Asker: 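Please find one structure pasted underneath; my questions will follow.
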Amino acid sequence: EYVYNKYKDIKTCGVLEQDDNYGIKKIAEPIGVIAAVIPTTNPTSTAIFKTLIALKTRNGIIISPHPRAKQSTIAAAKIVLEAAVKAGAPEGIISWIDVPSLELTNVLMQSADIILATGGPGMVKSAYSCGKPALGVGPGNVPCYIDKTAKLQTSVNDLVMSKSFDNGMICASEQAVLVDKDIYQEFEKLMREAGCYFVNPEEKEKLVLEMINNGYGFHTMSKKHDISKSVLSKWYYSYKEKGIEGLKSNTGKHKSLSTGLHLKKPKNKIEELELELMKKDIEIARLKKGYMVKGVGAEKEFVTTFDKNTK
C-alpha cells in the first residue's frame, strides 16, 4: 500500500520536463531488462517491490530467487504477473529462474541491462563487479532509535506494523529498539496498548535455565520459543555474569557517550589529548547532522531544528 501510494502519481514515461526558454526536454525511456536478485530473508515483498517499479518504468524484469526461498518468490512473482497481464501488460514481462543457482545468477547479471541486488555483502559485491549498472543493498536487521522529539504514536504504529509484517521474519524488520529515557514510560504504554509483550526477569530466567538444564543451544531455543538467537545470547551471558539482576531492565541507566567523556578523568597528557579529540569528533558529527552551536566551554549547547538543546 505504501509503495503504491508513493509511486502511483510519479510520471515515469514520456516527457517529464520541458523548458522552452532553454530548449530542454527530458524524456523517460525504459532501460531494458532488469536482473533482480532476491534474498532468502525477504523473499516475497522484495520480489513484489522490484516487479512494481519495473512495471512502473516499462522495463522487463527477470528474478533470481534464493534457492532456499524459491517457491515463495516465484509464487509472489506469479501473482504480480497475472495482475499485470490482466491490466494490459505484455506476456512474459516478468520472468524468473525456476531452478536458481549461483552460476545462473551470475549469467543473468552479466546479460541484463541493470541489476537490482538485495542480499549479503558477497552478492552485492558480485553485482557491483560484473560490469553492469547496479543498485545493491546488503544486510538489514537494524536497530531502531526513537528520540524524544519523535511523534511517538506514529513511531510505535510504524514499528509494530513493520515488525509484525510477515511474522517479523524478514530482514527489513527492526530487531531492537532504543528509546530516549524521557519518553520511555509513554513508549512502553503505547507498545502494550498495541499488543506488544514485555518479558519480565523471571520469565527470562526460566528460558535461560531451560537452556542450561537441557543443554539446548541458541538455535534450538530460538526455534522452540520463536525468540531471536541474539536476544537469547544476551540473556544467557547476562545471567551467567550477574544472575537474575543481569536480566532486569536497564531503562534510564545508560549515559550518553558525550556525558561519559565529560565525566572521565584523564590520567596523563596523552589521555587528555585523546579525550579532547573524541569530544571534537562528537561535535563534528552533531554539526554534520544540522545542529547549531550556542555558548562556549561548559555552557556550550547543540541546538536542534526542533529547538531542543543538549549540553
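As the structure is a prediction and not an experimental result, all values here were calculated from the model.
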Asker: Between Leu152 and Phe187, is the side-chain contact (heavy atoms from CB on, under 4.5 Å) condition met? List the steps.
Answerer: CA-CA 7 Å; Leu152 195 53; Phe187 167 78; 4.2 Å; yes
Asker: For Ile79, which fellow cluster members are found when Ile, Leu, Val, Met, Phe, Trp and Tyr are connected by side-chain heavy-atom distances below 4.5 angstrom, either directly or through intermediates?
Answerer: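 Direct or chained contacts put Ile79 with none.
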Asker: Rounded to the nearest 0.5 Å, what separation is found between the SG atom of Cys196 and the CZ atom of Arg192?
Answerer: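 Going from the SG atom of Cys196 to the CZ atom of Arg192 covers 9.5 Å.
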Asker: Nearest 0.5 Å, what's the OG1-CD1 distance between Thr46 and Ile63?
Answerer: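 It is 10.0 Å, given to the nearest 0.5 Å.
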Asker: Between Val33 and Asn59, is any pair of side-chain heavy atoms under 4.5 Å apart?
Answerer: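 No, side chains not in contact.
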Asker: Among all residues two or more places apart in sequence or in another chain, which pass the side chain to side chain contact (heavy atoms under 4.5 Å, CB included) test with Lys25?
Answerer: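 Here the qualifying residues are Val15, Gln18, Ile27.
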Asker: Quick one about Asn42 and Ser45 (side-chain donor to acceptor, distance below 3.5 Å, no hydrogens or angles considered), yes or no?
Answerer: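 The criterion, which ignores hydrogens and geometry beyond distance, is satisfied for Asn42 and Ser45.
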Asker: Mind checking whether Val177 and Leu159 have side chains closer than 4.5 Å, heavy atoms only?
Answerer: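 Sidechains of Leu159 and Val177: in contact.
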Asker: May I ask you to check whether Tyr184 and Asp182 show a side-chain donor-acceptor distance below 3.5 Å?
Answerer: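 No pair is found: no donor N or O on one side chain lies under 3.5 Å from an acceptor on the other.
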Asker: Testing the basics here: between Met109 and Cys130, what is the closest heavy-atom pair and its distance to 0.1 Å?
Answerer: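 What the structure gives for the nearest pair is O-SG, 3.9 Å.
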Asker: What I want to find out is whether Arg58 reaches Glu29 closely enough, with some N-O distance under 4.0 Å, to be called a salt bridge.
Answerer: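 Salt bridge between Arg58 and Glu29, a charged N being under 4.0 Å from a carboxylate O: no.
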Asker: Is it the case that one hydrophobic cluster holds both Ile38 and Val107, taking links as side-chain heavy atoms less than 4.5 Å apart, direct or via other members?
Answerer: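 No; tracing contacts between hydrophobic side chains, which count when under 4.5 Å, never links both residues.
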Asker: Evaluate the side-chain proximity of Lys229 to His219: yes if any heavy-atom separation is below 4.5 Å, no if none is.
Answerer: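 With C-beta onward as the side chain, the pair touches.
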Asker: Take Ile74 and Asp98 through the test side-chain contact (heavy atoms from CB on, under 4.5 Å) and record every step on the way to the result.
Answerer: CA-CA 8 Å; Ile74 292 171; Asp98 286 305; 4.2 Å; yes
Asker: Assess the residue pair Val199 and Tyr197 against the criterion (side-chain contact (heavy atoms from CB on, under 4.5 Å)); give the C-alpha distance rounded to whole Å, side-chain angles, the decisive distance to 0.1 Å, and a yes or no.
Answerer: CA-CA 6 Å; Val199 183; Tyr197 186 78; 4.1 Å; yes
Asker: State, with a plain yes or no, whether a side-chain heavy atom of Leu247 is found less than 4.5 Å away from one of Trp235.
Answerer: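 Answer yes - side chains close enough.
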Asker: Any pair with a residue in residues 63-84 that passes side-chain hydrogen bond (donor to acceptor under 3.5 Å, both in side chains), sequence neighbours left out, goes on the list, sorted by first then second residue, please.
Answerer: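 Sorted pair list: Ser64-Thr105.
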Asker: Can you check whether Lys248 reaches Lys204 side chain to side chain, under 4.5 Å on heavy atoms?
Answerer: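 When only atoms from C-beta onward are counted, Lys204 and Lys248 do not touch, as no gap falls below 4.5 Å.
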Asker: Could you list the donor-acceptor pairs under 3.5 angstrom formed between side-chain atoms of residues 84-94 and any protein atom two or more places apart in sequence or on another chain?
Answerer:
none

Asker: Less than 4.5 Å apart, side chain to side chain, heavy atoms only: is that true for Met191 and Val160?
Answerer: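 Side-chain contact under 4.5 Å: yes.
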Asker: Which other residues belong to the hydrophobic cluster containing Phe165, where Ile, Leu, Val, Met, Phe, Trp and Tyr are joined when side-chain heavy atoms lie under 4.5 Å apart, directly or via other members?
Answerer: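 Under the 4.5 Å side-chain rule, Phe165 groups with Ile170.
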Asker: Got a sec, which residues hit ring-ring contact (aromatic ring centres under 6.0 Å, His included) with Tyr216, two or more places apart in sequence or on another chain?
Answerer: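 For Tyr216 there are no ring-ring contact (aromatic ring centres under 6.0 Å, His included) partners, ignoring immediate neighbours.
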Asker: With side chains defined as the heavy atoms from C-beta onward, is the minimum distance between Met211 and Phe218 less than 4.5 Å?
Answerer: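 Result yes, sub-4.5 Å side-chain heavy-atom pair found.
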Asker: For Glu241 and Tyr236, test the side chains for any donor-to-acceptor distance below 3.5 angstrom and give the result as yes or no.
Answerer: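 No, because no side-chain N or O of Glu241 sits under 3.5 Å from a partner of the opposite role on Tyr236.
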Asker: With heavy-atom distances below 4.5 Å as the criterion, would you say the side chains of Asn157 and Leu190 are in contact?
Answerer: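 Side-chain contact under 4.5 Å: no.
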